[in-house]
2 protein chains.
Amino acid sequence: MARTTGSDGERTEAAIRDAATALIARHGYEAMSMRQLAGEVGVQAAALYRYFPTKEDLLFSLMLEHMEALLTAWQEARPASTRPQVLLSAFVENHIAFHIARRHSTHVSNMELRSLSPERLTRILKLRTTYEKELRTILRDGAATDAFAADDIELTAMALIQMMTGVIVWFRPDERLSVAGVTETYLRMTMRLVGANEGREENHVHQHAEFRA
Amino acid sequence: MARTTGSDGERTEAAIRDAATALIARHGYEAMSMRQLAGEVGVQAAALYRYFPTKEDLLFSLMLEHMEALLTAWQEARPASTRPQVLLSAFVENHIAFHIARRHSTHVSNMELRSLSPERLTRILKLRTTYEKELRTILRDGAATDAFAADDIELTAMALIQMMTGVIVWFRPDERLSVAGVTETYLRMTMRLVGANEGREENHVHQHAEFRA
DNA sequence: TCATTAATAAAACGAACGTTCAATTCTTTC
DNA sequence: GAAAGAATTGAACGTTCGTTTTATTAATGA
């Protein structure tokens, strides 16, 4: 047999991406076989190769989309204000919202870097560095204007990112905690951690971003 | 050919464990083949099966040793004092020192849980929970005595652990930062994050633990 | 309606995988 | 110095892997 009724290239590719993200997040890139992925999509393994030349191309495509979506999300969420407290609050809220909404692709992008070729690894890491630089800039401005008391900018940035991204390891929806509740607590912890000046902190950006899973 | 001159069971097993920890940390459990491991040890693949019945038995053994070593390290590092600030300082110092010294096995224990059978996964997670409970107890006592201002104990504990363990992702020795320097900065960030009472914080435990890699 | 193209199935490829087994040699013990 | 045990080799087993090739059908456009 061959082409099946109702088959559509775009739909199939999207289904492959979604299924691959979920499978890799759950079992790992090496542990996921192309046959298993094809079975999840409801297609034969050979059909996958119409959309992705190799398994690694598929992985790289997922990671690239993830990193670009993260940068885009922050560009759109970034407030006009230049006040460090406002910027940092927005960064924390966006980071947590994005990573919870896309925890599967976050897992893929964070845990499967070693399966990329050197050139592709560099490409992804460059995007990651670009994102982290945003946070470092906020922290540096805050320290320069005495809005924050944080001493080592690099360490503070890494600590914050690890802390925030770590949410996806244990957080599950439908528990005692909502996304908004977790974000609120993490905002308080962040502000204390960087030694934010008390006083005029009340105008946080409180429009919680929404992302599709 | 068969038994080689100078061969020794204990030495071979130790060599297997070390090589496996490094290989799994670098390439992942699924990506490491038994032949590759054997090559690293300087032995034929079949020889591995004298020490570990299956590949998964090897992984589980590495993880079990890691978690038990972590708990033992904390038991020995835990100060006699009951003051929350002192206990938390000691916990942070021990955690960072241990995880930097054993970053390879930390990677294995944190990233390869999905390759364990359900029963073994439960066994490892139970040890992890035991360890995390130590931190939660410290935080709870600190909050009860107003030594800390942390509100949500569970979230604070998870945030701190993610933040501290995250050090192994980016920290490399021989850089601008020493283990002691990183620990110092993380201690300050931790104390601010939990809203530790200023004043009598000076008697931290400052005997940095040493672990073998 | 008929050629063209897009989308898939089915089968096969060689390579690599975890693991087993029999044979062989070193080491220890008496 | 011979017997017993420990340590390892080399070859092989069946399975699964990523990928390729070829054939076949569904949708599309003139």
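These figures come from a predicted structure and were not determined experimentally. Note on naming: letters A, B, ... go to the chains in the order of the sequence lines (proteins, then strands), and numbering restarts at 1 for each one.
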Q: Take atom CZ of Arg50(A) and atom C1' of dT22(D), then tell me their distance rounded to the nearest Å.
A: 15 Å

Q: Grab the N/O contacts between the protein and nucleotides 11-17 of chain C below 3.5 Å, and write none if there aren't any.
A:
{"from": "dA12(C)", "atom 1": "N6", "to": "Arg35(A)", "atom 2": "NH2", "distance (Å)": "3.4"}

Q: In whole Å, what is the span from the CG atom of Leu37(A) to the C1' atom of dT19(D)?
A: 14 Å

Q: May I ask you to decide whether Arg188(B) forms a salt bridge with Asp152(A), counting only side-chain N to carboxylate O separations under 4.0 Å?
A: no

Q: Name the closest nucleotide to the Tyr51(B) side chain, picking from dT8(C), dA7(D), dT19(C).
A: dA7(D)

Q: In this structure, how many angstroms lie between the P atom of dA27(D) and the CZ atom of Arg11(A), rounded?
A: 10 Å

Q: Could you check how far CZ of Phe52(B) sits from P of dT20(C), rounded to whole Å?
A: 15 Å

Q: Within the 4.5 Å heavy-atom criterion, are Val182(B) and Met158(A) side-chain neighbours or not?
A: no

Q: Just one of Leu113(B), Leu70(B), Leu71(B), Ile161(B) clears the side-chain contact (heavy atoms from CB on, under 4.5 Å) bar with Arg128(B), so which one?
A: Leu113(B)

Q: Measure from the side chain of Tyr49(B), starting at C-beta and using heavy atoms only, and say which of dT8(C), dT8(D), dG18(C) lies closest.
A: dG18(C)

Q: Just how far, in rounded Å, is P of dA6(C) from CD of Gln44(A)?
A: 22 Å

Q: Give the rounded distance in Å between these two atoms: CG of Leu48(B) and C1' of dT20(C).
A: 13 Å

Q: Between Lys55(A) and Glu30(A), is there a side-chain N and carboxylate O pair less than 4.0 Å apart?
A: no

Q: Whole-Å distance between dG18(D) P and Ile24(A) CD1?
A: 11 Å

Q: Examine dA7(C): is either OP1 or OP2 under 4.0 Å from a nitrogen or oxygen in the side chain of Thr12(A)? Give yes or no.
A: no

Q: Within the structure provided, determine whether Leu187(B) and Ser89(B) are in side-chain contact (heavy-atom separation under 4.5 Å).
A: yes

Q: Which label fits His95(A) and Tyr131(A): parallel for a plane angle under 30°, tilted from 30 to 60°, or perpendicular past 60°?
A: parallel

